[in-house]
Structure formats: C-alpha cells, structure tokens
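Take a look at the structure set out below.
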Amino acid sequence: PPFISGTEKVRITIMKPTHTQEMEQRTRMRFAFAMSAFGRMFLPHGITPEMRAFCYEWSMDVDVEPPRGDLYKVDRYFLELWKLKLQQ
C-alpha cells in the first residue's frame, strides 16, 4: 500500500552469515586433517607456506567431503590435489 497504518504484520529476515563456534571447530579439524597428510608426505619441515594456504583453502570448502579409507588413500588424495594446483 502507499501508506503504513501501523497494523500490518512485518517479517524481517537478516541474511548476514555468522560463524558459529561449531563451524570454526569443524574448519580447524579439516585444516589439521589436510596438514597431517602433507606432514606425512613431506615431513613437517618440508611443508611450504603455499601448502599451508592450500590446506586452509581446502578446509574452508565444507562441501568437499574428506577422503575415507586408510592413510595411503588420504595422502594420495591430497597429493593429487596438490599436483593439480601446481599445474594451474
């Protein structure tokens, strides 16, 4: 209507995303999961800042499911992702 009488029902929705402690914990766990794979493959002193940034980017994408299975499969998964990243 061209005017507001004050009796209309109003519904306000705020679409501001907020980070909950649970999501932050999940992201930290995903980051540690990815970093542990790189640590096993390259040893902790061989992890570069680029690898660390890659693990951080991967951990932020919660739509990507982490690999399941033994550690060989996990390490192979991250190694293949890392090789693809280097080719770009």
Side-chain angles (χ1 to χ4, degrees):
F3 62 91
I4 298 176
S5 67
T7 59
E8 294 84 12
K9 291 184 179 180
V10 179
R11 183 176 178 183
I12 298 175
T13 305
I14 299 173
M15 298 299 292
K16 180 181 174 186
T18 57
H19 296 294
T20 63
Q21 188 173 3
E22 181 180 322
M23 284 299 292
E24 290 172 359
Q25 177 67 20
R26 182 176 178 191
T27 302
R28 283 194 300 270
M29 288 173 57
R30 287 172 57 87
F31 177 74
F33 179 75
M35 285 292 290
S36 66
F38 279 90
R40 285 189 299 273
M41 291 184 288
F42 300 102
L43 300 179
H45 66 273
I47 296 176
T48 65
E50 293 81 13
M51 290 175 184
R52 186 176 177 83
F54 173 79
C55 291
Y56 178 76
E57 290 171 16
W58 182 86
S59 69
M60 296 302 288
D61 188 3
V62 295
D63 294 330
V64 176
E65 283 292 319
R68 306 246 185 233
D70 60 9
L71 291 179
Y72 176 78
K73 287 182 182 178
V74 171
D75 294 349
R76 191 76 188 165
Y77 168 79
F78 282 108
L79 182 61
E80 293 303 320
L81 286 179
W82 180 243
K83 286 179 182 178
L84 286 174
K85 172 96 171 151
L86 292 178
Q87 290 176 357
Q88 295 176 353

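All heavy atoms count here, side chains included; hydrogens, waters and symmetry mates do not. Positions are given from 1 along the sequence.
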Distance from Arg68 atom CZ to Tyr77 atom OH, nearest 0.5 Å?
-> 11.5 Å

Determine, using the 4.5 Å side-chain heavy-atom cutoff (strictly less than), whether Met60 and Met35 are members of one ILVMFWY cluster.
-> yes

Closest approach of Val62 and Arg26, non-hydrogen atoms and distance?
-> O-NH2, 3.8 Å

Aromatic plane relationship, Phe78 with Phe38 - under 30° parallel, 30 to 60° tilted, over 60° perpendicular = tilted

Can you tell me how far CZ of Phe54 sits from CD1 of Ile47, rounded to the nearest 0.5 angstrom?
-> 12.5 Å

Does any non-hydrogen side-chain atom of Met41 lie less than 4.5 Å from one of Met51?
-> no

Do Phe33 and Ser59 come within less than 4.5 Å of each other through their side chains, counting heavy atoms only?
-> no

Is the shortest heavy-atom distance from the side chain of Arg30 to the side chain of Val64 under 4.5 Å?
-> yes

Do Leu79 and Phe42 have side chains that get closer than 4.5 Å, going by heavy atoms?
-> yes

Taking side chain as C-beta onward, heavy atoms only, is Tyr72 less than 4.5 Å from Arg40?
-> no

Got a second to check how far Asp75's CG is from Ser36's OG, nearest 0.5 Å?
-> 7.5 Å

Take atom OH of Tyr56 as the centre, draw a 6.0 Å sphere, and report whether it contains more than 12 heavy atoms from other residues, nucleotides or ligands.
-> no

Of all the heavy-atom pairs spanning Val74 and Ala37, show the shortest one and how long it is.
-> CG1-CB, 4.3 Å

Greater than 12 external heavy atoms within 6.0 Å of Arg52's CZ | no

